[in-house]
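Worksheet for the structure shown next.
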Amino acid sequence: MDSRNDLAKLSTCTTCQFKENKSNYWTAVLYFRHNNGSFIRVPQMANQGTGTPNGGMTIYYVQNGLRVTAPPRGFRMITGNPMLRSKDTNVPNKVTSFRCFGANFQDSNGSQPPGGGTDTVEFPTKFCAGGIRANTYFPQCWDGVNLDSPDHQSHVAHPIGQPDPYTGLSIYGGTCPSTHPVRLPMLFFETVWDTRPFRDIWPTDGRQPLVFSMGDPTGYGHHGDYVFGWEGDALQRAMDSCTEFNGVPSYCTALTVQSDAEINRCTQTSRVAEVVEGRYLDTLPGCNPIQNGPADATMPANCAAASTIAGPVPTVVPAPGTTQAQPPVVTPAPPPPPAPTTAPVPNAPQQAHYGQCGGQGWTGPTVCQAPYTCTFSNQWYSQCL
């Protein structure tokens, strides 16, 4: 993605709640590995306050009581390392982590911030009856010069400081090193993966069946990507005036909140002609063989995965003074392919009131106990109401 692109001008819409936010946010997809060796995508839950019915992960920009500087156009960075298969001792503790929710979304670690307390850097080793939240913190210090770097990380750094004795985290404070003196907002992702559909087929031998899309069965390769795309000075204005730490977008009057209907109309076509979800797959999409570690993963020598571009692609914006490139066409995504008839379907009783009864990847009961009806919520979730 060319750094000269102005994403705010190229974009025709956004799935973020603030209209001014046209940034790109990405994290690896989670898959479930069945006992027969096949894979199916784990559904993503719409996080609280992200829009109904097709909300996704929550993105936070946090000042931590400090004066922060919004990144400029063209800025991008990554956090974490997709090649890791063991704990990274070169970054602050729990820059990336996971929280395991119990049945009915009970949180035994609820007094701790994301990453604190019993949150783990590796995948939880037990079945999480209420899902798993992936916590993803980005570096908060910038060298003030480079919009990017060859490894997409060297131009940024985490703040330096002692871990808090209660949470074990140092990322909520500290100071920026002299090499990276510009303090950025603390960018943080919350992504909630719905493990509930796999309750009845979860391994009983203690095997951990989750794997990230880049072939990571450990969770240590958890990472995220960010490309700045805010309109004009919108983010800086918000950071200067919106200091309420409550997660309610309407409190920030410096920005424009859009409706759920507007959010849900913003969709994109698939770009690669490859099945990646909706049914069990023999292998992970792309060229991503399982690499267990503990040594770092390596790139496969040969790749025969699909790379055909399906549909229009973004065009690089010409230099100033020349013709403006056209943005990609935004159209609804095609429906997912049907699951194969060989996919395991557990013998389950009728679902109780408020229980899940459908959704992509769901393998549990699909009929509700009387007098309740299975009510569609989103692509990933239907509920007995």
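Side chains included, hydrogens not; waters and symmetry mates left out as well; all remaining heavy atoms used.
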Report the C-alpha distance between V211 and L284 in whole Å, list the side-chain angles of each, state the deciding distance to 0.1 Å, and finish with yes or no for side chain to side chain contact (heavy atoms under 4.5 Å, CB included). CA-CA 9 Å; V211 56; L284 291 173; 4.1 Å; yes

What do you reckon, is CD of Q162 surrounded by more than 12 foreign heavy atoms closer than 6.0 Å? no

Decide if atom CG of D205 counts as having more than 12 heavy atoms of other residues, nucleotides or ligands within a radius under 6.0 Å. yes

How many angstroms lie between [atom1] in [X] and [atom2] in [Y], if you round to the nearest 0.5 Å?
{"X": "T118", "Y": "N109", "atom1": "OG1", "atom2": "CG", "value": "3.5 Å"}
{"X": "L210", "Y": "C128", "atom1": "CG", "atom2": "SG", "value": "8.0 Å"}
{"X": "N288", "Y": "T283", "atom1": "CG", "atom2": "OG1", "value": "9.0 Å"}
{"X": "T27", "Y": "Y226", "atom1": "OG1", "atom2": "OH", "value": "15.5 Å"}
{"X": "Q140", "Y": "M77", "atom1": "CD", "atom2": "CE", "value": "9.0 Å"}
{"X": "Q63", "Y": "D240", "atom1": "CD", "atom2": "CG", "value": "8.5 Å"}

Kindly say whether [Y] contributes a backbone atom to a donor-acceptor pair with the side chain of [X] at under 3.5 angstrom?
{"X": "R85", "Y": "P82", "result": "yes"}
{"X": "D216", "Y": "G219", "result": "yes"}
{"X": "K94", "Y": "I171", "result": "no"}
{"X": "T167", "Y": "L169", "result": "yes"}
{"X": "S170", "Y": "P163", "result": "no"}
{"X": "T120", "Y": "E122", "result": "yes"}
{"X": "S38", "Y": "H34", "result": "no"}

Applying ring-ring contact (aromatic ring centres under 6.0 Å, His included), name anything that partners [X], two or more places apart in sequence or on another chain.
{"X": "H223", "answer": "W26"}
{"X": "F39", "answer": "none"}
{"X": "W202", "answer": "F32, F127"}
{"X": "F75", "answer": "W142, H155"}

Closest non-hydrogen atom pair between [X] and [Y], with its separation:
{"X": "P217", "Y": "R33", "result": "CB-NH2, 4.2 Å"}
{"X": "C287", "Y": "P300", "result": "O-CG, 3.5 Å"}
{"X": "S97", "Y": "G115", "result": "OG-CA, 3.2 Å"}
{"X": "G168", "Y": "N93", "result": "O-ND2, 3.4 Å"}
{"X": "Y172", "Y": "M186", "result": "CE2-CE, 3.5 Å"}
{"X": "P203", "Y": "P209", "result": "CD-CG, 3.6 Å"}

Check: [X] ring centre within less than 6.0 Å of [Y] ring centre:
{"X": "F189", "Y": "F138", "value": "yes"}
{"X": "H222", "Y": "F98", "value": "yes"}
{"X": "W193", "Y": "F101", "value": "no"}

Does the SG of C368 lie under 2.5 Å from the SG of C374? no

Using the test side chain to side chain donor-acceptor pair (under 3.5 Å), find all partners of E262 that sit at least two apart in sequence or belong to another chain.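 Partners of E262 by the side chain to side chain donor-acceptor pair (under 3.5 Å) criterion, ordered by chain and then number, come out as K19, S259.
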
Transitive ILVMFWY side-chain link [X] to [Y], under 4.5 Å:
{"X": "I160", "Y": "V91", "result": "no"}
{"X": "L187", "Y": "Y137", "result": "no"}
{"X": "I290", "Y": "V29", "result": "yes"}
{"X": "L7", "Y": "Y25", "result": "no"}
{"X": "V227", "Y": "L147", "result": "no"}

Partners passing salt bridge (Lys or Arg N to Asp or Glu O under 4.0 Å) against D119 (at least two apart in sequence or in another chain): R99

Report the residues that fulfil salt bridge (Lys or Arg N to Asp or Glu O under 4.0 Å) with D88, sequence neighbours left out, ordered by chain and then residue number. none

Note, [X] side chain near [Y] side chain (heavy atom, < 4.5 Å):
{"X": "V95", "Y": "H158", "value": "yes"}
{"X": "Q236", "Y": "T69", "value": "yes"}
{"X": "Q44", "Y": "D194", "value": "no"}
{"X": "P124", "Y": "I132", "value": "yes"}
{"X": "P197", "Y": "P43", "value": "yes"}
{"X": "P114", "Y": "F188", "value": "yes"}
{"X": "L235", "Y": "Y61", "value": "yes"}
{"X": "M239", "Y": "P185", "value": "yes"}

Do the ring planes of F123 and F212 sit parallel (below 30°), tilted (30 to 60°) or perpendicular (above 60°)? tilted

How are the rings of W230 and F18 set to each other: parallel, tilted or perpendicular (split at 30° and 60°)?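 Tilted.
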
Taking transitive links into account, so neighbours of neighbours count too, which hydrophobic residues share a cluster with M83 at under 4.5 Å side-chain distance?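 Besides M83, the hydrophobic cluster comprises M299, listed by chain and residue number.
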
When clusters are formed from ILVMFWY side-chain contacts under 4.5 Å, directly or step by step, what else is grouped with L84? V121, Y220

Going by distance alone, is a donor N or O of one side chain under 3.5 Å from an acceptor N or O of the other, for R207 and N35?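 Yes, a side-chain donor-acceptor pair sits under 3.5 Å.
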
Evaluate R196 against M45 for side chain to side chain contact (heavy atoms under 4.5 Å, CB included), listing each step before the verdict. CA-CA 11 Å; R196 295 174 299 171; M45 291 188 194; 3.6 Å; yes

Mind jotting down which residue pairs meet the salt bridge (Lys or Arg N to Asp or Glu O under 4.0 Å) criterion with at least one end in residues 171-191? Sequence neighbours excluded, please.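 Qualifying pairs, neighbours excluded: R133-E190.
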
How would you list all residue pairs meeting salt bridge (Lys or Arg N to Asp or Glu O under 4.0 Å) that involve residues 142-165, not counting sequence neighbours? none

May I have the list of side-chain donor-acceptor pairs in residues 251-258 shorter than 3.5 Å, sequence neighbours left out?
from, atom 1, to, atom 2, distance (Å)
T256, OG1, E20, OE2, 2.9
Q258, NE2, T14, O, 2.8
Q258, NE2, C16, O, 2.6

